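Report on the following structure.
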Amino acid sequence: MLDAHTRSGGTATAAPPAAATELLLPVPVAPVPALATANAAPAATAPAAAVARWARVLLSPWSRFSLLVALLAAAGASVLLFEPQRLLADGWPPQLAGASAAVVFAVAYGLCTVAFVPRPLLNLAAGALFGSQLGLGAALAGTVLGAGFAFGLGRVLGQDALRPLLRGRLLTAADGQLSRHGMRSMLAARLFPGLPFWGVNYCAAISRMGWVPFLLATALGSIPNTAAYVVAGAQASAPTSPAFLIALAGIALPMVAAAVLTWRKRHHLRGRKTR
């Protein structure tokens with residue numbers, strides 16, 4: 001131990017003092033209970049599971065259909081309480097005029113048709129407020145907007161809930177006709193004056209008809225009837241004028257033709273049943 005020389009003749013170096021870290025004692029770490037680690041994950045995922053469950057309930061087909069019914073009921077109640085058709089016909093804001101007024105009227109027209117305001121009244125108001133040409137443009141734009149609003153609401157909120165209920169022969173045939181021949185069927189429905197505007201919109205939304213055929217057929221098929229009412233509204237101050245009389249004929253003749261066609265169709269069906 002005291003010999004400073006090695007066998008090879010070199011001098012031995014003294015060993016360095018022990019590192020200070022060697023004097024530190026290890027601190028024991030308490031083990032995490034297994035029960036705590038097992039309960040941590042469920043406690044963290046419980047709110048997420050509850051949110052996902054409520055989201056599934058709220059986005060279910062019948063929940064969305066209930067929302068559609070509530071919206072339509074609120075729209076119908078608002079029409080009965082506030083009567084917006086009176087605002088369109090009599091109380092139009094005087095500061096609005098020209099093309100800007102026609103645009104506002106078209107948007108209001110579309111919202112009113114979704115709320116079940118009769119289109120003939122709105123068409124008459126368009127003619128009385130803006131004349132024949134601008135009134136016709138505003139009324140057709142409002143018709144397409146209202147149809148698009150109703151179609152979108154029915155497609156998003158009602159289609160998934162109501163399509164499984166299409167089991168009857170007549171309902172299945174109507175759905176197949178609208179789904180396979182959307183453009184032709186919708187054009188005929190718009191030209192036929194006896195079919196309610198809102199009913200056709202929601203029937204088309206439940207079917208598999210596309211957006212483009214629906215809107216295009218609505219725009220084209222609504223021109224004759226809309227033009228007749230708009231011209232009648234524009235010429236209401238001159239009931240003996242040729243334009244007013246022609247407009248009345250354009251309103252009355254399709255109604256008479258539709259009534260005759262319906263009567264003949266029913267008579268034909270009754271004859272087939274008795275055979």
Side-chain angles (χ1 to χ4, degrees), residues 76 79-80 83-92 94 96-99 101-147 150 184-201 203-204 214-267:
V79 169
L80 294 177
E83 298 183 357
Q85 63 271 24
R86 294 174 55 188
L87 176 64
L88 292 175
D90 302 325
W92 193 249
L96 291 177
V103 171
V104 175
F105 181 88
V107 175
Y109 185 113
L111 294 176
C112 287
T113 57
V114 176
F116 310 109
V117 176
R119 284 185 62 249
L121 179 61
L122 298 174
N123 293 331
L124 291 173
L129 291 173
F130 305 106
S132 299
Q133 296 180 357
L134 187 58
L136 178 59
L140 285 177
T143 298
V144 176
L145 284 175
R184 182 176 62 189
S185 301
M186 185 54 53
L187 189 62
R190 296 308 188 193
L191 291 172
F192 194 81
L195 298 177
F197 182 75
W198 62 271
V200 174
N201 293 336
C203 288
F214 173 76
L215 295 177
L216 184 59
T218 296
L220 295 177
S222 300
I223 291 176
N225 183 263
T226 303
Y229 277 99
V230 170
V231 172
Q235 301 294 327
S237 59
T240 59
S241 63
F244 184 81
L245 296 177
I246 293 174
L248 287 183
I251 295 173
L253 290 179
M255 291 184 178
V256 174
V260 172
L261 183 62
T262 302
W263 179 81
R264 293 189 61 180
K265 191 67 176 179
R266 289 182 178 179
H267 183 73

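Every value quoted in this text rests on a predicted model; they were computed, and no experiment measured them.
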Minimum heavy-atom separation for [X] to [Y], with atom names?
X	Y	result
G221	L191	O-CD2, 3.4 Å
G135	V230	C-CG1, 3.8 Å
P239	L245	O-CD2, 3.8 Å
L136	T226	CD1-CG2, 4.0 Å
A138	A102	CB-O, 3.8 Å
A126	F105	CB-CE2, 3.5 Å

So, do [X] and [Y] sit near enough that their side-chain heavy atoms are less than 4.5 Å apart?
X	Y	value
Y109	N123	yes
L122	C112	yes
T113	T143	no

At what distance, to the nearest 0.5 angstrom, does [atom1] of [X] lie from [atom2] of [Y]?
X	Y	atom1	atom2	result
T218	I223	OG1	CD1	11.5 Å
L220	M186	CG	CE	12.5 Å
L195	N201	CG	CG	11.0 Å
I246	I251	CD1	CD1	12.5 Å

Handout entry: Polar contact flag, side-chain donor to acceptor under 3.5 angstrom, S222-R190
Key =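 Side chains of S222 and R190: no pair found under 3.5 Å.
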